[in-house]
**Q** 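One structure, as structure tokens, below. Some questions next.
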Amino acid sequence: MQYWLMKSEPGEYSIDDLKRDKVECWDGVRNFQARNMMRDDMKVGDLAFMYHSNCDVIGIVGLMKIVREGYPDHTAFDQHDKHYDPKSDPDNPRWFMVDVRYKRKLKRTITLAELRQHEELDGLQLLKRGNRLSVMPVSQFHWDFILSLE
DNA sequence: GCCAACGTTGGC
DNA sequence: GCCAACGTTGGC
């Protein structure tokens, strides 16, 4: 089983939205590296941190479980969708997504600033300079350590 | 295959 | 709102 971290802008989709919806497709990812991980590496049963980016309180806010493995992101085919991509063909889809299920909220947000203070988290992709990946793996050690901060 | 231009991400 | 860092595109 693997661990992941997935970013979302709470103005677009927050942990409370996921709590309400229970299961949701993680659509709109338009980055090849992130796509490859969703298409090839994420497995049913994997766990992921949900991370709020581009907002007032930036950080890890909750836990999710992967409940469906990579399948074509249909929003890429919809001209009226914000994430429409004319280069994605239904016969040869360019973008993929997974389904996630709400597991729980953390008791508090573990902020980015706090994560940066722990030497133990050196090497966590999230903390690397200029990191822009919206989906990334988290090692078991880092996963456990982050949860111990809660 | 190189690389400049451009667009986007995302912290601050 | 600013801007550094990065990914993508496309001309050559």
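Each chain gets a letter, A, B and so on, in the order its sequence line appears, and its residues count up from 1.
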**Q** Between A:Arg30 and A:Ser88, does any side-chain donor sit less than 3.5 Å from a side-chain acceptor?
**A**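 No, because no side-chain N or O of A:Arg30 sits under 3.5 Å from a partner of the opposite role on A:Ser88.
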**Q** Without decimals, in angstroms, what is the distance between A:Asn31 CG and B:dG10 P?
**A**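 Interatomic distance, CG of A:Asn31 to P of B:dG10: 9 Å.
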**Q** Starting at NZ of A:Lys128 and ending at C1' of B:dG11, how long is that distance when rounded to a whole Å?
**A**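 Result: 18 Å.
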**Q** Counting any heavy atom closer than 4.0 Å, what does A:Arg129 reach on the DNA or RNA strands: base, sugar-phosphate only, or nothing?
**A**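 Sugar-phosphate, no base atom in range.
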**Q** At a heavy-atom distance below 4.0 Å, what parts of residues 49-56 of chain A sit against DNA chain B?
**A**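 The answer is A:Tyr51, A:Ser53, A:Asn54.
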**Q** When the side chains of residues 17-24 of chain A are checked against the rest of the protein, which donor-acceptor pairs come out under 3.5 Å, sequence neighbours left out?
**A**
| residue | atom | partner | partner atom | Å |
| --- | --- | --- | --- | --- |
| A:Asp17 | OD1 | A:Arg20 | NH1 | 3.3 |
| A:Asp17 | OD2 | A:Ser14 | N | 2.9 |
| A:Asp17 | OD2 | A:Ser14 | OG | 3.3 |
| A:Asp21 | OD2 | A:Tyr13 | OH | 2.6 |

**Q** Identify which nucleotide among B:dG11, C:dT9, C:dG7 has an atom closest to any side-chain atom of A:Lys87, counting heavy atoms from C-beta outward.
**A**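 The nucleotide sitting nearest to the side chain is C:dT9.
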**Q** Using the six-membered ring wherever Trp is involved, compare the ring planes of A:Phe145 and A:His118 and label them parallel, tilted or perpendicular (cut-offs 30° and 60°).
**A**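 A:Phe145 vs A:His118 ring planes: perpendicular.
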**Q** With a 4.0 Å cutoff (strictly under), does any side-chain N or O of A:Lys7 reach OP1 or OP2 of B:dT9?
**A**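 No, because none of the side-chain N or O atoms of A:Lys7 sits under 4.0 Å from OP1 or OP2 of B:dT9.
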**Q** Less than 4.5 Å apart, side chain to side chain, heavy atoms only: is that true for A:Val100 and A:Met50?
**A**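 A:Val100 does not reach A:Met50 side chain to side chain.
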**Q** Specify the separation, in whole Å, of atom CD of A:Glu114 and atom P of B:dG11.
**A**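 Atom CD in A:Glu114 sits about 16 Å away from atom P in B:dG11.
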**Q** Verify the neighbour count for atom CD of A:Gln33: are there more than 12 heavy atoms of other residues, nucleotides or ligands below 6.0 Å?
**A**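 12 or below, so no.
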**Q** How is A:Arg94 classified with respect to the nucleic acid when contacts are heavy atoms under 4.0 Å: base, sugar-phosphate, or nothing?
**A**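 The answer is sugar-phosphate, as A:Arg94 gets under 4.0 Å only of primed atoms, P, OP1 or OP2.
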